[in-house]
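Not measured: the values here are computed from a predicted model.
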Protein chains: 2
Amino acid sequence: MSMHEARSPKPTLELVAERAGVSRATVSRVVNGSERVKPAARRAVELAIRELNYVPNRAARSLAQGRTNSVALVVPENTAKFFADPYFAKVVQGVARYLAGTEFMLTLLLSTEADPAKTTRYLQGGNVDGALVLSHHADDRSYADLGNVLPMVYGGRTMSTDQKDIYVVDIDNIAAAKQATEVVIGQGRTKLATIAGPQDMGAGLDRLVGFKQAVQNAGLEPVAIEIGDFTPASGRRIMRQLLDANLAVDGLFAASAQMGFGALQALAEAGVKVPEDISVTSVDDDSFARSSTPPLTTIAQNPERQGEIMAELLIKRINGEQVPEWSIMDTKLVLRASH
Amino acid sequence: MSMHEARSPKPTLELVAERAGVSRATVSRVVNGSERVKPAARRAVELAIRELNYVPNRAARSLAQGRTNSVALVVPENTAKFFADPYFAKVVQGVARYLAGTEFMLTLLLSTEADPAKTTRYLQGGNVDGALVLSHHADDRSYADLGNVLPMVYGGRTMSTDQKDIYVVDIDNIAAAKQATEVVIGQGRTKLATIAGPQDMGAGLDRLVGFKQAVQNAGLEPVAIEIGDFTPASGRRIMRQLLDANLAVDGLFAASAQMGFGALQALAEAGVKVPEDISVTSVDDDSFARSSTPPLTTIAQNPERQGEIMAELLIKRINGEQVPEWSIMDTKLVLRASH
DNA sequence: CTGAAAGCGCTTACAG
DNA sequence: CTGAAAGCGCTTACAG
């Protein structure tokens, strides 16, 4: 198209109907893939659409249908943390991939960004047909109530066990942490510590439980239990403290690979040999797990697949289909050099 | 609200009007902040809105206004790269912050995700009122044509210098690279190499030009010019090659902090001392610049502010205001330990 | 299989 | 300052 060519008016369904010599209803039907259209009519409409370069107006369609064809992904974390955590990237990727095969658009809501009330208002305001929520903290109770108004699916279990009708896609965090800890114990280590995750989140809580179970099953006592926030910085800081405290820790379970990565940094800085002096394992198989020195022995989950499943369940719920409340995904142990 | 309470129908503007005892037009006026409403009427409407918990329907509003109140941020990179690069995170943050003070929503379009045609269709389809484009490559020519249909603002200059009516927010990449290189030269280094950025992007191209200028001004010849892709991995790989080639390089300018970080890793692995054996500088003051060993001497830009400005310009253009085509932002030299 | 018509929830000249 | 009314571009029973 030349830059000087007069810009033609944006083609509407009506224009398509005229050109194809059918009614607007028929155009609408072919656009929406209805069966009840005679092949000849369908062809005429399809041709007109191509010739006019017609694209349906989303707002008009939403208004008429009473649905927006978009869903929100709400992440109650700030932008910095959101971008720094490979887990989120993978989930977004999975969600995006699933949605690409549907008519739905994704709106990303980093909810601490503005006031949380704005997010809630947005979700209530009929701007989306459903919501995916990630990284749910105990105090994000506001979202729970939205479940009555809007189909929602959680990535990772919520803290309120009382609530019914909540849909979650998760791994068995207790089992994962237990397995990772058992690897350390299997190396004959007895002075075990953990850098646990936030205790206001299911994953943080459950991975600590798993650690404790493994330690107890081995007839041992934890030497130290410290709470981090899943970031490398917290892992490094806490490991440094552990070192300073002189507890002779010879085995560490970090509740996230990011924290494991940070811990490994602190260990290297202190000249402690891994795994000779201390055996360390974690959960998550991301770039941190793979690029740490040494690479982390860890429990791999599949956040991209998790994103896909979350999106799939949400769309099904929006379409009124029945889906299971709990979807528990497999994990697998990845043995590398840190244990 | 009890979970058993009957769910009241979603309040509409009409309901608000009834309850407030005014016409729908009046409600619309107060919702849209029109001046021409008597205080008493305004109060009645505001009360009704609060009581009903009314939130305007976005689709209806869009349809009536002929605008969507949303803008797209298109990033022609894959999800992995998008999340890995702190630059994008910052720009998004800036865009989001500016938009938070407006009625506009942000839709993120990672355009290599699906077929690029889908992105173009989406942008053409009247789904957004304008678009921000980041990380524009030479072959993303498709977007250029969209400029005739949709207000657009670029982060970083485009490659097509012929095009008119394109709006960009950028730094002076030539000057930045020149300054960073001059720091190295100022250390008395004479065997200079650069790890340049992609040569299909303005930033990659211009920073190489700046490097060459500085070298030439000093009466020197570059010892090596290698092209990376702005990632740490490429920096590391290329530095390794440079080392293997035995060129006795004693000064390096990396066109991004991420590549500088990677180069520093390779140097450390090879046991080369920085800055004793080789002086290195870069552009970008991000987490890579700060956390490398040693921390990078670098040219700081302000991507968050860039995002804000981009958003501001776009909204102004959408509103028909006149804005400058070129916005060049300041940079500043940050001296740390690598030079 | 197809069309006429009502309706989705807003906004906005227009008239007063 | 305010309201009646038309219109935004679709979809969807309903009737045929």
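Legend: residues meeting side-chain contact (heavy atoms from CB on, under 4.5 Å) with A:N127, ordered by chain and number and at least two apart, are A:Y122, B:R58. Listed by chain and residue number, A:N57, B:L63 satisfy the side-chain contact (heavy atoms from CB on, under 4.5 Å) test with A:A60 (two or more places apart in sequence, or in another chain). Scored by the side-chain contact (heavy atoms from CB on, under 4.5 Å) test, B:E304 finds B:K90, B:Q93, B:R97, B:N302 as partners (sequence neighbours excluded). Listed by chain and number, the residues in a ring pair (Phe, Tyr, Trp, His ring centres under 6.0 Å) with A:F83 are B:F82, B:F83 (sequence neighbours excluded). Judged as a salt bridge (charged side-chain N to carboxylate O under 4.0 Å, His left out), and not counting sequence neighbours, the contacts of B:R305 are B:E308. Residues meeting the side chain to side chain donor-acceptor pair (under 3.5 Å) test with B:D129, sequence neighbours left out: B:T68.
For residues 36-54 of chain B, the set of pairs meeting the side chain to side chain donor-acceptor pair (under 3.5 Å) definition, not counting sequence neighbours, comprises B:R19-B:E51. Residue pairs satisfying the side chain to side chain donor-acceptor pair (under 3.5 Å) criterion with at least one member in residues 318-328 of chain A, sequence neighbours excluded, are listed as follows: A:R67-A:N319.
Two residues, A:E14 and A:R29, neighbour DNA chain D, and the one matched to the more 5' nucleotide by heavy-atom proximity is A:E14.
Near DNA chain D, meaning a heavy atom under 4.0 Å from it, residues 59-69 of chain A has A:A60, A:R61, A:A64, A:Q65 in order of number. The stretch residues 33-56 of chain A touches DNA chain D through A:Y54, A:P56, each having a heavy atom under 4.0 angstrom from the strand.
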Dot-bracket for DNA chain D, 5' to 3', counting Watson-Crick or G-U wobble pairs under 3.5 Å, with [ ] for crossing pairs and | for inter-strand pairs? |||.||||||||.|||
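When atom types are taken as modelled, the side chain of B:Q306 and the backbone of B:G155 share no donor-acceptor pair closer than 3.5 angstrom. Panel note: side chain B:R24, backbone B:A17; no donor-acceptor pair is recorded below 3.5 Å. Side-chain N or O atoms of A:N32 include one that pairs as donor or acceptor with a backbone N or O of A:S28 at under 3.5 Å.
Here chain A contacts DNA chain D (any atom closer than 4.0 Å to a heavy atom, that is under 4.0 Å), and the contacts span D:dG9 to D:dA13 from 5' to 3'.
Across all strands shown, A:T26 has heavy atoms under 4.0 Å from sugar-phosphate atoms exclusively, and none from any base.
Straight-line distance between the C1' atoms of D:dT12 and D:dG16: roughly 16 Å, to the nearest whole Å.
The shortest distance between side-chain heavy atoms of B:I315 and B:V71 falls below 4.5 Å.
When the options A:D200, A:V75, A:I166, A:T158 are evaluated for a side chain to side chain contact (heavy atoms under 4.5 Å, CB included) with A:H136, the one that passes is A:T158.
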